[in-house]
Amino acid sequence: MANSILVGAQWGDEGKGKIIDFLTEKADIVVRSQGGNNAGHTVIVEGKKYVLHLIPSGILRKGTMCVIGNGVVIDAVSLAEEITGLRKKGIRVTKDNLLISDAAHLTLPHHRALDRAKETAKGAGKIGTTGRGIGPTYSDKAARTGLRTGDLMDARRFSERLKSRLTDANAQLGLLGGETVDFKQANAQYLAAAKTIIPFLGNTVVWLADAVRENKEILFEGAQGTFLDIDFGTYPYVTSSNTTAGGACTGSGVPPNRISKVWGTMKAYTTRVGEGPFPTENDELGDFLHGLGREFGATTGRARRCGWFDAVFTRYAAIVNGIDDIAVTNTDGLDTMATIKVCTAYKLGRKTLEYPPTDLDALAECKPIYEEYDGWQKDTTSARKWGDLPVKCRKYLQAIARLTGAKLSIVSVGPGREQTIVV
Ligand code: IMP
Ligand code: MG
């Protein structure tokens, strides 16, 4: 048995899609278990760019089965568009390579409207969500008022339930001053999308249990990152799902004793989109990376906030996820830097902290303690082996792995499949 989970060890956008694509060469099945189309994975294969939101990046490999688990929230309209878009690019999407849980909750038009209206109402206190309706969908799930993918199979029942949900949601939208949702239009749009999705629906728990019994290799593709986790992230500046390793089990029905390994993905520096604390944020580094055309969001196009590598957070990510091996991405982003800083601990008053404090006010007062590393000032994008990397670069990468407390196993030096070094 070699089933592994890959999580983001920072605030998302660590390059998980690319690493998953690389690791799927060996996997039989790739599973998404949480989040929704707030995620955006960019994968470049043979010069062609694919941006995936809900479908696991395993779809780009022939013979890989992709599963969307019960823990994912699905905007059926957006998923139908994603399937059609992939087919237009020549990617085969059939029942033989995509299976969707019939118990996954549906993100509906009023969830998106509520997401936006709530953000507007929060004003300066906003979270900076992707506006995809993720929070309101998970709220309905927890409140036991949600609709699930399986509900799409009976059109009449779906319409009845949608109508009843819209009555409540529109009243709430009215109070928030948001735009209300028209039942007829929403219903027609969802029933049309349902036609594309229904063939893929099934009981993914049983299917995955059979696969485990047959010794198939499963790779769980995390979305977002550890510090956007609803429990372990920088609450309330988080997303609404468990982005950490445990979420892979609850979001798929594959039990913990069937998992053998956890991979953590992290950038050679740090980025975050949306609001919330970011102790090592550095505008100069941000301007520099944006100037290279890097660090713009795949889902919303927003410029990401950038900062130095923060080992206080990645160290916490290593313990909360049980990270065994790490993949460091975007190493090439630092190629021209003269000196590179790494945050090794925080100073809070007279105390030195190895892990981030839970309280956001305390976190805001933390001062990063930095170590400086000499930049390698050489191009790494054409490196293919560990030995091809400049000595200073190797030293830097080993240092961030050591500070995190996990084994360095993969280094990525560009978006291409071939720009991946196994250490
Ligand atoms: P939501 O998930 O749209 O509710 O957004 C909540 C927070 O998570 C915001 O700060 C978003 O920018 C962030 N977020 C959600 N999905 C992603 C992602 O895939 N990458 C990076 N940040 C994300
Ligand atoms: Mg992304």
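In listed order, ligands and their atoms are each counted from 1. Numbers here simply count residues along the sequence, with the first being 1.
- Contact record, Leu334 with Ala268: CD1-O, 3.7 Å, taken as the closest heavy-atom pair.
- With a 6.0 Å radius and a threshold of 12 heavy atoms from other residues, nucleotides or ligands, Glu418 has its CD atom above the threshold.
- Among the atoms of Asp13, some N or O lies under 3.5 angstrom from an N or O of ligand 1.
- Here Ala39 fails the criterion, with no N, O or S atom under 2.8 Å of the Mg ion (ligand 2).
- For atom 18 (C) of ligand 1, the choice among Lys126, Gln224, Glu14, Arg302 with the nearest heavy atom turns out to be Gln224.
- Within Asp13, the N, O or S atom lying nearest to the Mg ion (ligand 2) carries the name OD1.
- Counting only heavy atoms of the protein, atom 10 (O) of ligand 1 lies nearest to Val273 O, 3.1 Å.
- Atoms of ligand 1 lying under 4.0 Å from any heavy atom of Ile127, numbered from 1 in the order shown and given with element: 10 (O).
- In Lys163, the NZ atom is not crowded: 12 or fewer heavy atoms of neighbouring residues, nucleotides or ligands sit closer than 6.0 Å.
- Distances from atom 14 (N) of ligand 1 to the heavy atoms of Thr239, Thr271, Leu228, Thr243 show the closest one on Leu228.
- The nearest heavy-atom contact from the protein to atom 5 (O) of ligand 1 is Thr129 CA, 3.3 Å.
- Residue contacts with ligand 1 include Gly128, since one of its heavy atoms falls under 4.0 Å from the ligand.
- Of the polar atoms of Gly135, none of the N or O atoms is found under 3.5 Å from an N or O of ligand 1, judged by distance alone.
- A donor and an acceptor atom, one from each side chain of Ser412 and Lys18, are located under 3.5 Å apart.
- Contact between Ala223 and ligand 1 is absent, with no heavy atom of the residue lying under 4.0 Å from the ligand.
- Put simply, part of Val238 is less than 4.0 Å from ligand 1, judged by heavy atoms.
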Open item on the list: Using salt bridge (charged side-chain N to carboxylate O under 4.0 Å, His left out), reason through Glu217 and Lys26 one step at a time and then give a plain yes or no.
Closed with: CA-CA 8 Å; Glu217 275 200 28; Lys26 290 201 191 88; over 6 Å; no
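- At a 3.5 angstrom cut-off on N or O pairs, Thr130 counts as close to ligand 1.
- Distance check, rounded to the nearest 0.5 Å: CD1 of Ile218 to CG of Asn3 gives 4.5 Å.
- Using a 30° and 60° split on the angle between ring planes, Phe313 and Phe227 fall in the perpendicular class, above 60°.
- Listed here is the closest heavy atom pair of Ala245 and Ile5: O-CD1, 3.5 Å.
- Near Trp11, the atoms of ligand 1 lying under 4.0 angstrom from a non-hydrogen atom of the residue are 21 (C), 22 (N).
- The only member of Lys16, Glu221, His41 that meets side-chain hydrogen bond (donor to acceptor under 3.5 Å, both in side chains) when paired with Ser57 is Glu221.
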